[in-house]
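Below you'll find the structure, written out as structure tokens, and then a few comments.
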Protein chains: 2
Amino acid sequence: MNQEAAAQAGAPRRRAGRPRSVVLDRDLIARAALKLVVAGGYSTLTMSSVAKSLGVSPSALYNHVESKQELMQWIQEIVMDGVDSSVFETLPLDEALAEWAVTYRDIFAGHAPLIPLIAVLPVSGSPRTQEMYEKVAAGFTRAGWKQAEIVPAIVALESFIFGSALDATAPLDIFDAGENAGKMPSFESALEAQRATGRNSADTAFMTGLRAIIAGLMDQAEIT
Amino acid sequence: MNQEAAAQAGAPRRRAGRPRSVVLDRDLIARAALKLVVAGGYSTLTMSSVAKSLGVSPSALYNHVESKQELMQWIQEIVMDGVDSSVFETLPLDEALAEWAVTYRDIFAGHAPLIPLIAVLPVSGSPRTQEMYEKVAAGFTRAGWKQAEIVPAIVALESFIFGSALDATAPLDIFDAGENAGKMPSFESALEAQRATGRNSADTAFMTGLRAIIAGLMDQAEIT
DNA sequence: TCTAGTAAATGAATGCCATTCATTTAAAAA
DNA sequence: TTTTTAAATGAATGGCATTCATTTACTAGA
């Protein structure tokens with residue numbers, strides 16, 4: 001977690017022109033939006049719904065936020081704040097990566113619509129994300145990794161995490177053959193065997209892949 | 001590739017009521033939509049634009065397609081048809097996985113908006129996808145993998161592929177520190193070292209991660 | 001204390017979108 | 001020839017993000 005960066009953009013000078021209800025600011029808007037998302041999912045997040053939840057007209061929001069896309073970035077920052085990157089200071093790299101990845105994926109599984117956004121957005125807009133990268137990179141450096149190999153390793157892990165977060169939102173019966181039952185014998189029998197283990201498919205896949213990618217990266221790394 | 005499944009849903013009986021211009025059908029609509037996407041990206045894909053490109057009114061489309069979402073699934077099927085899964089019949093599993101993953105990711109990098117859709121959609125709606133899974137699963141089976149470990153391995157790989165496809169669409173300067181230059185020394189120096197190699201960051205990360213996850217999976221597998 | 005300036009709110013547009021529906025058309029079946 | 005019916009039309013509908021002219025009331029300066 002990370003709270004110290006809360007009062008980021010200078011004190012919000014009181015200058016309202018309609019004191020009824022609230023004086024809006026970035027933080028209020030972002031938190032109201034996140035609340036709506038948590039309560040009803042991203043499909044319920046509209047500029048109108050945010051405005052309503054703040055007792056304000058939709059157009060009022062635009063005095064504080066450029067666009068809905070920017071609002072989504074604000075939400076992303078708050079969500080990203082929930083990812084624990086402190087483990088890199090206490091655990092060996094491979095264990096730290098595993099813990100970090102698990103919380104990262106768990107948190108974004110609840111915020112899948114943010115993922116296509118994050119994957120493409122400049123990190124300069126998100127100080128929390130930057131702090132996270134710094135801690136992760138420091139972990140790699142401390143473990144003696146060659147500088148040029150650090151960023152690719154982080155990006156690869158993040159890609160796996162984002163992909164897995166998307167996958168975590170899939171319905172359980174996503175692989176059911178439907179019409180074509182019997183036409184994919186190998187896959188269907190593999191699926192049946194997996195199901196017989198009683199384990200959640202998405203979680204098992206994530207842990208399997210995570211162990212594999214971490215082990216593989218550690219193996220390939222040229223430690224200086 | 002795979003063309004044989006083209007005439008999927010029975011012959012399109014001629015029954016038109018407005019022969020001017022075209023008689024619509026699933027294939028025509030899907031291809032027109034894909035053409036628009038290739039030409040101008042997903043932001044240009046609207047029901048109106050598809051209708052216009054077919055010389056037809058928007059409402060006409062709804063005699064053939066349930067929703068825009070369904071149209072996107074049709075596009076996804078065509079795109080998926082470009083993924084080459086035949087390698088599993090000729091190459092050892094690890095090499096086949098690598099080739100398959102590379103084409104899979106390359107193709108979907110150009111269709112990022114489909115990814116959140118696919119990740120969540122029942123495969124029963126997409127025979128091409130089912131065929132792909134069958135071939136991949138058969139590859140694992142042939143290599144002697146324990147049944148229950150096959151699906152998790154496939155899902156993990158696919159998660160990595162989708163995440164990497166999203167990442168491939170990111171701008172090159174996505175990691176630039178901006179305002180906070182100097183506040184993330186470890187990360188910035190790692191980034192600089194990566195850049196000095198002259199290699200594309202997304203591609204390097206993908207190949208690094210891919211080798212790692214494949215090697216890691218092979219290592220963990222209990223071969224019967 | 002008065003006045004001017006201004007950030008912030010309002011609500012009425014605007015324009016784009018997917019989607020629906022009553023109606024019409026013309027090909028196929030009888 | 002008549003009937004049936006899939007497929008097309010174009011005019012709604014409703015939801016959405018976003019813009020804008022206007023108003024409000026706090027703050028700063030005289």
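Residue numbers begin at 1 in each chain, while the letters A, B, ... track the order of the sequences.
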Expressed in angstrom and rounded to an integer, what is the separation of Ile29(A) atom CD1 from dA9(C) atom C1'?
12 Å

Proximity of Tyr133(B) and Phe187(A) rings by center, below 6.0 Å:
yes

Quick one: label Thr46(B) by what it contacts on the DNA or RNA (base, sugar-phosphate, nothing), any heavy atom closer than 4.0 Å.
sugar-phosphate

Which of these nucleotides, dT9(D), dC20(D), dA18(C), is closest to any side-chain atom of Ser59(A)?
dC20(D)

Distance check needed: dT10(C) C1' versus Leu54(A) CG, whole Å only.
15 Å

What do you reckon, are the aromatic ring centroids of Tyr104(B) and Phe162(B) less than 6.0 Å apart?
yes

Looking at Asn63(B) and dA6(D), is any side-chain donor or acceptor paired with a base atom of the opposite kind under 3.5 Å?
no

To the nearest angstrom, how far is Asp25(A) atom CG from dA7(C) atom C1'?
13 Å

Looking only at side-chain N and O atoms, does His64(B) come under 4.0 Å of OP1 or OP2 in dA6(D)?
no

Please answer whether the main-chain N or O of Asp27(A) pairs with a side-chain N or O of Asp25(A) as donor and acceptor at a distance below 3.5 Å.
yes

Ion pair Glu70(A)/Arg26(A), N-O distance below 4.0 Å:
no

Rounded to the Å, how far apart are Lys52(A) NZ and dC16(D) P?
11 Å

Could you state the OH-P distance from Tyr62(B) to dA12(D), rounded to the nearest angstrom?
18 Å

Rounded distance in Å - CE (Met72(B)) to C1' (dA18(C))
13 Å

Does Glu188(A) use its side chain to pair, donor to acceptor, with the backbone of Ala177(A) at less than 3.5 Å?
no

Nearest-angstrom distance from the residue atom CE of Met47(B) to C1' of dC17(C):
11 Å

Which one, dA12(C), dT9(D), dT19(C), comes nearest to the side chain of Ser67(B)?
dT19(C)

Using the side-chain heavy atoms of Val56(B), tell me which of these nucleotides is nearest: dT19(D), dT19(C), dT9(D).
dT9(D)

Using whole Å, report how far NZ of Lys68(B) lies from P of dC17(C).
8 Å

Taking the minimum atom-to-atom distance to the side chain of Ala60(B), which one of dA11(D), dA8(D), dA17(D) wins?
dA8(D)

